[in-house]
*Asks:* 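Got a structure for you, questions after.
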Amino acid sequence: LTEINDDLARLTQDARNIAVITGAGFSAESGVPTFREAQTGLWERFSAQDLATTDAFYTAPALVWTWYRWRQSLIQQVEPNPGHTALADWQRWLAGRGGELSIATQNVDDLHERAGAQVLAHLHGSIFEHRCAECGVAAELPDPDYDGFQAPPEPEEPPLCADCGAHIRPGVVWFGEMLPMEAFEAAAAAIRKADLVIVAGTSGIVQPAASLPLLALERGTPLIEVNPEPTELSDAMDFCLRGPSGDLLPALAAAAGAR
Ligand code: APR
């Protein structure tokens, strides 16, 4: 589908418990590159998958650290897009009617929150949090002062832990690392009790986050995908809305009557 048909509109109007899972594509229209896009500047010869790993951090701490600090500065310089705003409005509208719209995101940015939404789970952590790579103590750091639109000329070493002297690392989940269990369980519980599940802006490649929407199949809960492209999850979907979340989430929120 490229637009909302009557069945889908009715589904959104009747839904009282909606679980929404978002991925990098949701922030793409804000100017935050998705993971499968090519990198630029210092990192142009690396893919995100090369950089978002523990091995990469131990092998080239300055390169990985600077990539995250540069991306944090970019996120601080861009704005939530109409998809974030529509989701926040829809969440508020539903709460006002005794319903609930919960958001579990794979994104490490704060654009849902900055659009006024409550986020139930950051499945892959947050780029704004930092901790010691060894002892795990949280580190409070000043905001990076990079120009997020211009990659820095050279990498900088990560700061060292005040307690144990090891490198400080970004508070994100790297490939191969465990997800924060409380976030994962909260997202799973929300999907299990939902009467509608929306999966927006994710390729559905990275596990275990990608398996969460499939929990909806246990109870026959309708599944909607919002993505310009087909994904690993498309075959499991009841509706595939082919288009950008910045257009389609406002349309879904309007169809639900939330706007
Ligand atoms: N609206 C909706 N979807 C979009 C848009 C848009 N405007 N633009 C791109 N997309 C879709 C792409 O078609 C793709 O399916 O967003 C998806 C982005 O996929 P990925 O880059 O794989 O991002 P994501 O699925 O969130 O990756 C999951 O993997 O790289 C790790 O931890 C990282 O959280 C990330 C996880």
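Just so you know, ligand 1 is whichever comes first in the structure, and atom 1 is the first atom listed for that ligand.
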*Asks:* Would you mind running through ligand 1 and noting each atom that sits below 4.0 Å from a heavy atom of Gly23?
*Replies:* 26 (O)

*Asks:* Report the nearest protein non-hydrogen atom to atom 21 (O) of ligand 1: residue, atom name, distance rounded to 0.1 Å.
*Replies:* Phe35 N, 2.9 Å

*Asks:* Under a 4.0 angstrom heavy-atom cut-off, which atoms of ligand 1 come close to Glu229?
*Replies:* 13 (O)

*Asks:* Quick one: which ligand 1 atoms are inside 4.0 Å of a heavy atom on Ala24?
*Replies:* 23 (O), 24 (P), 26 (O)

*Asks:* Should Ile168 and Arg131 count as side-chain neighbours, where that means a heavy-atom distance under 4.5 Å?
*Replies:* no

*Asks:* Would you say Trp70 and Asp147 make side-chain contact, with heavy atoms under 4.5 Å?
*Replies:* no

*Asks:* May I ask you to identify the nearest protein heavy atom to atom 15 (O) of ligand 1, giving residue, atom name and distance to one decimal place in Å?
*Replies:* Asn227 ND2, 2.9 Å

*Asks:* Within 45° of the axis and under 6.0 Å from the centre of the six-membered ring of Trp67, does NZ or CZ of Arg69 qualify?
*Replies:* no

*Asks:* Provide, to 0.1 Å, the distance between atom 28 (C) of ligand 1 and the closest protein heavy atom, together with that atom's residue and name.
*Replies:* Gln106 OE1, 3.2 Å

*Asks:* So which protein heavy atom does atom 25 (O) of ligand 1 come closest to, and at what separation?
*Replies:* Thr202 OG1, 2.7 Å

*Asks:* Mark up the atoms of ligand 1 that fall under 4.0 Å of a heavy atom belonging to Pro244, in ascending order.
*Replies:* 1 (N), 6 (C), 7 (N)

*Asks:* Rounded at 0.5 Å granularity, tell me how far CG in Leu217 sits from CG in Asp238.
*Replies:* 8.0 Å

*Asks:* Considering only non-hydrogen protein atoms, determine which one is nearest to atom 1 (N) of ligand 1 and report residue, atom name and distance to 0.1 Å.
*Replies:* Ser245 N, 2.9 Å

*Asks:* Looking at non-hydrogen atoms alone, which of Gly246, Ala28, Pro228 comes nearest to atom 4 (C) of ligand 1?
*Replies:* Pro228

*Asks:* Check side-chain hydrogen bond (donor to acceptor under 3.5 Å, both in side chains) between Trp43 and all other residues, then give those that pass, not counting sequence neighbours.
*Replies:* none

*Asks:* Does a side-chain heavy-atom distance below 4.5 Å link Ile103 with Leu87?
*Replies:* yes

*Asks:* Measure the distance from atom 34 (O) of ligand 1 to every protein heavy atom, then report the residue, atom name and distance (to 0.1 Å) of the closest one.
*Replies:* His124 ND1, 2.8 Å

*Asks:* Can you measure from CZ (Arg169) to CZ (Phe57) and round to the nearest 0.5 angstrom?
*Replies:* 7.5 Å

*Asks:* Tell me the protein heavy atom at minimum distance from atom 5 (C) of ligand 1, and give that distance in Å.
*Replies:* Gly25 O, 3.4 Å

*Asks:* Does only the side chain of Val206 get under 4.0 Å from ligand 1, or the backbone, or both, or neither? Count heavy atoms.
*Replies:* side chain

*Asks:* Is the closest N or O pair between Phe175 and ligand 1 shorter than 3.5 Å?
*Replies:* no

*Asks:* Listed by chain and number, what are the side-chain hydrogen bond (donor to acceptor under 3.5 Å, both in side chains) partners of Glu134, not counting sequence neighbours?
*Replies:* Tyr58

*Asks:* Do Glu29 and Ser245 come within less than 4.5 Å of each other through their side chains, counting heavy atoms only?
*Replies:* yes

*Asks:* For atom 20 (P) of ligand 1, find the nearest protein heavy atom and state the residue, atom name and distance (0.1 Å precision).
*Replies:* Arg36 NH1, 3.3 Å

*Asks:* Considering the heavy atoms of Gly201, write down every atom of ligand 1 situated less than 4.0 Å from one of them.
*Replies:* 2 (C), 3 (N), 16 (O), 17 (C), 18 (C)

*Asks:* His112 vs Phe26 aromatic rings, parallel, tilted or perpendicular, using cut-offs 30° and 60°?
*Replies:* tilted

*Asks:* With only distance considered, is Thr231 within less than 3.5 Å of ligand 1 through an N or O on each side?
*Replies:* no

*Asks:* Does a side-chain heavy-atom distance below 4.5 Å link Phe175 with Gln49?
*Replies:* yes

*Asks:* Tell me whether ligand 1 is touched by Ile205 - counting only heavy atoms on the residue side and a distance under 4.0 Å.
*Replies:* no

*Asks:* Can you sort out which atoms of ligand 1 are near Glu29, meaning under 4.0 Å from one of its heavy atoms?
*Replies:* 1 (N), 6 (C), 7 (N)

*Asks:* Which of the atoms of ligand 1 are close to Thr34, meaning less than 4.0 Å from one of its heavy atoms?
*Replies:* 21 (O)

*Asks:* Same cluster or not: are Ile198 and Leu233 linked, directly or through other Ile, Leu, Val, Met, Phe, Trp or Tyr residues, by side-chain heavy atoms under 4.5 angstrom apart?
*Replies:* no

